[in-house]
Amino acid sequence: MSSLINGRKPSEIYKAQALLYKHIYAFIDSMSLKWTVEMNIPNIIHNHGKPISLSNLLSILKVPSSKCGNVQRIMRYLAHNGFFEIIKTQEFENDEEAYALTVASELLVKGSELCLAPMVECVLDPTLSGSYHEMKKWIYEEDLTLFGVTLGAGFWDFLEKNPGYNKSFNEAMASDSKMINLALRDCDFVFEGLESIVDVGGGTGTTAKIICERFPKLKCVVFDRPQVVENLTDQSDNLTYVGGDMFQSIPNGDSVLLKWILHNWIDKDCIRILKKCKEAVTSDGKKGKVIIIDMVINEKKDENQITQVKLLMDVNMASLNGKERNEDEWKKLFKEAGFQDYKISPLTGYLSLIEIYP
Ligand SMILES: C[S@@+](CC[C@H](N)C(=O)[O-])C[C@H]1O[C@@H](n2cnc3c(N)ncnc32)[C@H](O)[C@@H]1O
Ligand SMILES: O=c1cc(-c2ccc(O)c(O)c2)oc2c(O)c(O)ccc12
């Protein structure tokens with residue numbers, strides 16, 4: 001039997017070391033993804049219409065010969081992680097390998113219906129992602145968010161003063177909202193019978209447009225900070241934009257949508273927002289509802305990988321002073337904001353749809 005070190009078996013220690021290395025170098029996962037998007041590789045493969053050989057890819061990318069091996073190695077790593085498929089066929093000279101898109105890299109093809117490339121570009125911007133070097137400082141700064149420590153302002157104020165970042169963030173959010181198109185197919189029951197909906201913090205209107213298209217009789221108002229909605233020109237009969245502050249007042253309607261809003265805020269602020277929503281859906285004696293699209297952490301029920309994404313997002317939300325919540329935490333918010341009842345339905349892999357009733 002092999003000897004123990006501090007009571008641990010060598011095999012256990014080797015496994016722990018592999019785990020550590022995986023996490024030490026996890027930033028290379030993010031950066032290779034950013035590289036793929038910057039190099040436009042998903043579009044190149046997509047335009048090729050079939051798996052592309054390494055030499056063909058290298059020639060389109062005009063890679064200097066000294067760097068060809070590096071491209072091949074990054075592609076091999078990305079393929080190992082599920083972003084490309086390596087195809088070995090006789091079709092190419094010297095049994096050269098070729099690359100095909102996978103479901104994950106199809107989501108990075110710019111110009112396609114569902115494209116998350118803007119999310120990659122926004123999140124991995126050096127200034128924003130670099131903020132995570134200051135996590136320790138952030139913990140000891142009593143009143144600052146992580147972005148507050150590094151950007152010198154709250155995230156929303158920072159966006160207001162930096163139009164380039166504002167645009168990049170709005171595009172990232174809009175790209176994610178397109179995924180909702182898929183999910184809403186099974187959620188028609190939530191919107192049926194409603195006359196109006198106010199999408200609070202609705203960004204540039206991606207979600208609202210999807211809802212308007214699906215329910216042409218439903219009147220949609222996109223409500224967001226003035227600088228987000230001020231230059232949007234695609235109003236229509238059933239889609240309008242209103243600028244304002246959700247902590248002050250929210251336009252009336254028989255329903256309010258809060259998609260990816262409450263996870264940005266601490267409990268106290270969520271309760272303030274929810275109270276304003278309650279006022280908006282109970283105006284004129286109506287008894288409407290508030291529809292929340294956000295995550296519900298459920299470590300017992302969810303697969304480990306889904307919990308991994310939810311907990312990762314929870315730490316990510318700390319950068320804005322927000323958090324992801326489990327059902328008990330949600331329930332507490334609803335009660336404190338004066339809502340009587342709620343219903344949670346699954347929406348996508350990790351998002352849930354919560355209806356709350358005044
Ligand atoms: C995470 S984004 C979500 C955008 C959109 N609902 C979506 O799912 O793509 C949060 C949104 O809240 C908006 N927001 C932040 N503070 C706000 C305020 N005080 N009043 C209105 N909207 C606000 C931001 O401008 C941003 O568009
Ligand atoms: O996916 C998101 C990403 C970010 C975000 C942006 C830049 C970063 O560098 C970062 O670490 C996080 O912010 C979000 C958000 O605020 C939401 O409400 C919902 C989703 C996201």
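Just follow the structure's listing: the first ligand is 1, and inside any ligand the first atom is 1.
By the 6.0 Å contact criterion, CD on Glu303 is open, its count of non-hydrogen atoms from other residues, nucleotides or ligands being 12 or less. At most 12 non-hydrogen atoms from other residues, nucleotides or ligands lie less than 6.0 angstrom from CD of Glu213. Other residues, nucleotides and ligands contribute over 12 non-hydrogen atoms within 6.0 Å of the CZ atom of Arg214. Within 6.0 Å of CZ in Phe189 there are more than 12 heavy atoms belonging to other residues, nucleotides or ligands. No more than 12 heavy atoms of other residues, nucleotides or ligands shown are found within 6.0 angstrom of NE2 on His46. Crowding of Gln305 atom CD: a count of heavy atoms from other residues, nucleotides or ligands under 6.0 Å not exceeding 12. Residue Glu195 places its CD atom among 12 or fewer non-hydrogen atoms of other residues, nucleotides or ligands, all under 6.0 Å distant.
Of all non-hydrogen atoms in Asp314 and Glu324, the two that sit nearest each other are OD1-N, 2.8 Å.
Near Met119, the atoms of ligand 2 lying under 4.0 angstrom from a non-hydrogen atom of the residue are 1 (O). Every atom of ligand 2 is numbered from 1 in the order shown, and the set under 4.0 Å from a heavy atom of Ser129 is 9 (O). Interface atoms of ligand 2 facing Phe147, defined by a heavy-atom separation under 4.0 Å, are 8 (C), 9 (O), 10 (C).
The protein atom (non-hydrogen) at minimum distance from atom 13 (O) of ligand 2 is Phe169 CE1, 3.8 Å. For atom 21 (C) of ligand 2, the nearest protein heavy atom (residue, atom name, distance) is Met173 CE, 3.5 Å. For atom 20 (C) of ligand 2, the closest heavy atom belonging to the protein is Trp260 CZ3, 3.1 Å. Summary of contacts: the protein heavy atom closest to atom 12 (C) of ligand 2 is Asn316 OD1, 3.3 Å. When hydrogens are left out, the protein atom nearest atom 2 (C) of ligand 2 is Met313 CE, 3.7 Å; that is the closest non-hydrogen contact.
Residue contacts with ligand 2 do not include Ser319, since none of its heavy atoms lies under 4.0 Å from the ligand.
For the residues Met317, His263, Glu121, Met295, the heavy atom positioned nearest atom 14 (C) of ligand 2 is part of Met317.
In terms of polar-atom proximity, Val123 is counted as a contact of ligand 2, with an N or O under 3.5 Å from an N or O of the ligand.
Residue-level proximity to ligand 2 for Leu320 is carried by the side chain, the only part with a heavy atom below 4.0 angstrom. Contacts with ligand 2 closer than 4.0 Å are made by side-chain heavy atoms of Asn264 only, the backbone lying farther away. Residue contacts with ligand 2 for Phe155 are absent, since no atom lies close enough (heavy atoms, distance under 4.0 Å).
Aromatic pair Phe155/Phe169: centroids less than 6.0 angstrom apart. Taking the six-membered ring where the residue is Trp, the centroids of Phe158 and Tyr165 are separated by under 6.0 Å.
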Report each N/O pair between ligand 1 and the protein that falls under 3.5 Å, naming both atoms.
residue, atom, partner, partner atom, Å
ligand 1, 6 (N), Gly201, O, 2.7
ligand 1, 6 (N), Lys259, O, 2.8
ligand 1, 8 (O), Lys259, O, 3.3
ligand 1, 8 (O), Lys259, NZ, 2.7
ligand 1, 9 (O), Met173, O, 3.4
ligand 1, 9 (O), Ser177, OG, 2.9
ligand 1, 19 (N), Asp245, OD1, 2.8
ligand 1, 20 (N), Met246, N, 2.9
ligand 1, 25 (O), Asp224, OD1, 2.6
ligand 1, 25 (O), Arg225, NE, 2.7
ligand 1, 25 (O), Arg225, NH2, 3.0
ligand 1, 27 (O), Asp224, OD2, 2.8

Take Trp156 and Phe147, measure what ring-ring contact (aromatic ring centres under 6.0 Å, His included) needs, and give me the verdict at the end. CA-CA 10 Å; Trp156 309 113; Phe147 282 154; 9.6 Å; no

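Asn170 places a side-chain N or O within donor-acceptor distance of the main-chain N or O of Asn166, the cut-off being under 3.5 Å.
Qualifying side chain to side chain donor-acceptor pair (under 3.5 Å) partners for Thr307, counting only residues two or more places apart in sequence or in other chains: none.
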